[in-house]
Amino acid sequence: MRAYHLETPGTVDGIAPRETDRPEPGPRDIQVRVRAVSLNKRDLLILNGTYPLKAVPDVIPLSDGAGDVVAVGAEVTRFAVGDRVASTYFPKWIDGRITPAQIDQPGATLPGMLAEYARLDENAAVRVPAHLGWEEAACLPCAGVTAWHALTGGEALTPGQTVLTLGTGALSLFVVQFAKTLGAEVIATTSGATKADRLKALGADHVVNYSENPEWGTAVRELTGGCGADLVVETNGPDTIEQSMRAAALYGQIVLLTTGNPRRPGIEISNVVYAASLATIRRVFVGSRAHFESMNRALTLHGTRPVVDRTFGFDEVREAFRYYESGVAFGKVVIRVA
């Protein structure tokens, strides 16, 4: 089979194709013919050597992929040949709270999905909703599950409450879609009219232009009659946490997904803002297989489809990485494998 390996970290050119043997399934493994994979921010961090979890040398990149089962081990009970599946981000995290023993991830400490075939433990995969194509299914394991966990993993979000999401990254778009299916009013931020229109078409009730409104936290409070957002999915961390606190309701939830960047290595919230708030900050990092399966039930019930910005061929892996790195995508960047 063909597979890509991260031979030289630090550069997209260091991702190299290679001919290798197919990974044969063990007694409790499934062999998956990979149909499509998708890119996430963590893949760029791994490439650049700044991801908190150190990648093994020569790793096959990417955590997110979907395909069909073509062989099963003798002891496999969860899947059969022909089943359509997606990989899970944390293969060992099935349910409950994550533990240090469950942090291994494909594309980092384990072989990833950027290959024509992948071997997965039968517990490290889920069936994908029947209405989704391969490219759509490949978008789910990281961004989709994170968005779902952010909305459903804390204090229950009730219909009519307000959710605030930031920007137009793939995760934020999932938040818009899922929040609407949960009956919430959605406020989104962006920097331009074109993206604002696309956010509204996706379901956002209000869009605040953060370029025109640097104090956009105040604008969010005005849109909510002074009450603030009940839940904020905070994707930018150090750059936006202060405004997110200003935007949050008195007893709001702030789901913190990013804690640092090259310019600001940590989170800082001024006393004047935090002292006036009783909001809860909750850290989320993707989710368990149970979160994934719960999300898939919601996707099936509502017929929701991930937003795919652009699809590249298996011979265009480096081009896909460069395009994703440019930050211009509205939705997921996908690589079609087979």
Between Asn213 (side chain) and Glu215 (backbone), is there a donor-acceptor pair under 3.5 Å? no
I'd like to know if Leu39 and Leu53 are part of one continuous hydrophobic network [Ile/Leu/Val/Met/Phe/Trp/Tyr, side-chain heavy atoms within less than 4.5 Å]. yes
Could you go through Gln161 and Glu185, starting from their C-alpha distance and side-chain angles, then the distance that decides it, and tell me whether this counts as side chain to side chain donor-acceptor pair (under 3.5 Å)? CA-CA 6 Å; Gln161 289 190 310; Glu185 182 172 7; over 6 Å; no
Who pairs with Ser244 by side-chain hydrogen bond (donor to acceptor under 3.5 Å, both in side chains), at least two apart in sequence or on another chain? Glu234
Lys/Arg N to Asp/Glu carboxylate O, Glu24 vs Arg119, below 4.0 Å: no
Heavy-atom donor-acceptor pair, Asn296 side chain to Arg127 backbone, under 3.5 Å: yes
Please check if the side chain of Arg221 supplies one atom and the backbone of Ala248 the other of a donor-acceptor pair under 3.5 Å. yes
Has the side chain of Tyr324 got a donor or acceptor atom that lies under 3.5 Å from a matching backbone atom of Lys41? yes
Establish, for the pair Arg246 and Trp216, whether the NZ or CZ atom is under 6.0 angstrom from the six-membered ring centre and no further than 45 degrees off its axis. no
Could you list the residues that satisfy side-chain hydrogen bond (donor to acceptor under 3.5 Å, both in side chains) with Tyr89, not counting sequence neighbours? Arg42, Tyr51, Gln105
For the side chain of Asn48 and the backbone of Leu44, is there at least one donor-acceptor N/O pair under 3.5 Å apart? yes
The side-chain contact (heavy atoms from CB on, under 4.5 Å) partners of Val70 (sequence neighbours excluded) come to Gln31, Arg33, Asp68, Tyr117
Distance alone, cut at 3.5 Å: any donor-acceptor contact between the side chains of Tyr251 and Asp230? no
Pair Arg305 + Glu136: basic N to acidic O under 4.0 Å: yes
Side chains of Met1 and Pro23: closer than 4.5 Å at any heavy-atom pair? yes
Could you check whether Arg2 makes a cation-pi contact with Phe314, meaning its NZ or CZ is under 6.0 Å from the centre of the six-membered ring and within 45° of the ring axis? no
Please check: side-chain N/O of Thr224 versus main-chain N/O of Ala229, any donor-acceptor pairing under 3.5 Å? no
Main chain of Asn40, side chain of Asp43: is a donor-acceptor contact present, judged purely on distance under 3.5 Å? yes
For residues 272-288, tabulate all N or O donor-acceptor pairs below 3.5 Å that involve a side-chain atom, not counting sequence neighbours.
residue, atom, partner, partner atom, Å
Ser277, OG, Ala279, N, 2.9
Arg282, NH2, Ala150, O, 2.7
Arg283, NH1, Leu256, O, 3.2
Arg283, NH1, Leu257, O, 3.0
Ser288, OG, Ala290, N, 3.3
Ser288, OG, His291, N, 3.2
Ser288, OG, His291, ND1, 3.0

Spacing of CG belonging to Leu140 relative to CZ belonging to Phe292, to within rounding of 0.5 Å: 5.0 Å
One thing to verify: whether Lys92 and Asp121 come together as a salt bridge, which I'm taking to mean a side-chain N less than 4.0 angstrom from a carboxylate O. no
Indicate yes or no for a side-chain donor-acceptor contact from Arg78 to the backbone of Ala125 under 3.5 Å, with no hydrogens or angles considered. yes
Glu325 CD to Leu47 CG distance, which is reported to the nearest 0.5 Å: 7.0 Å
Check for a donor-acceptor pair, side chain of Lys200 on one end and backbone N or O of Asp205 on the other, with a separation under 3.5 Å. no
What verdict does the side chain to side chain donor-acceptor pair (under 3.5 Å) test give for Thr258 and Asn236, after you've listed the backbone C-alpha separation in whole Å, the side-chain angles of each residue and the deciding distance to 0.1 Å? CA-CA 6 Å; Thr258 301; Asn236 296 321; over 6 Å; no
Quick one: does Thr152's side chain get under 4.5 Å of Leu157's, heavy atoms only? no
Kindly confirm or rule out a cation-pi arrangement of Arg289 over Phe90, judged by NZ or CZ under 6.0 Å from the six-membered ring centre and within 45° of its axis? no
Has Asp64 got a side-chain atom pairing as donor or acceptor with Cys142's backbone, closer than 3.5 angstrom? yes
Taking side-chain hydrogen bond (donor to acceptor under 3.5 Å, both in side chains) as the test, write out the residues that go with Thr304, two or more places apart. none
Roughly how far, to the nearest 0.5 Å, is the CE atom of Met295 from the OG1 atom of Thr181? 11.0 Å
Just wondering, do Val175 and Val163 contact through their side chains at under 4.5 Å, heavy atoms? yes
Quick one: hydrophobic cluster around Val308, which other residues, with the 4.5 Å side-chain cut-off, linked directly or via members? Val334
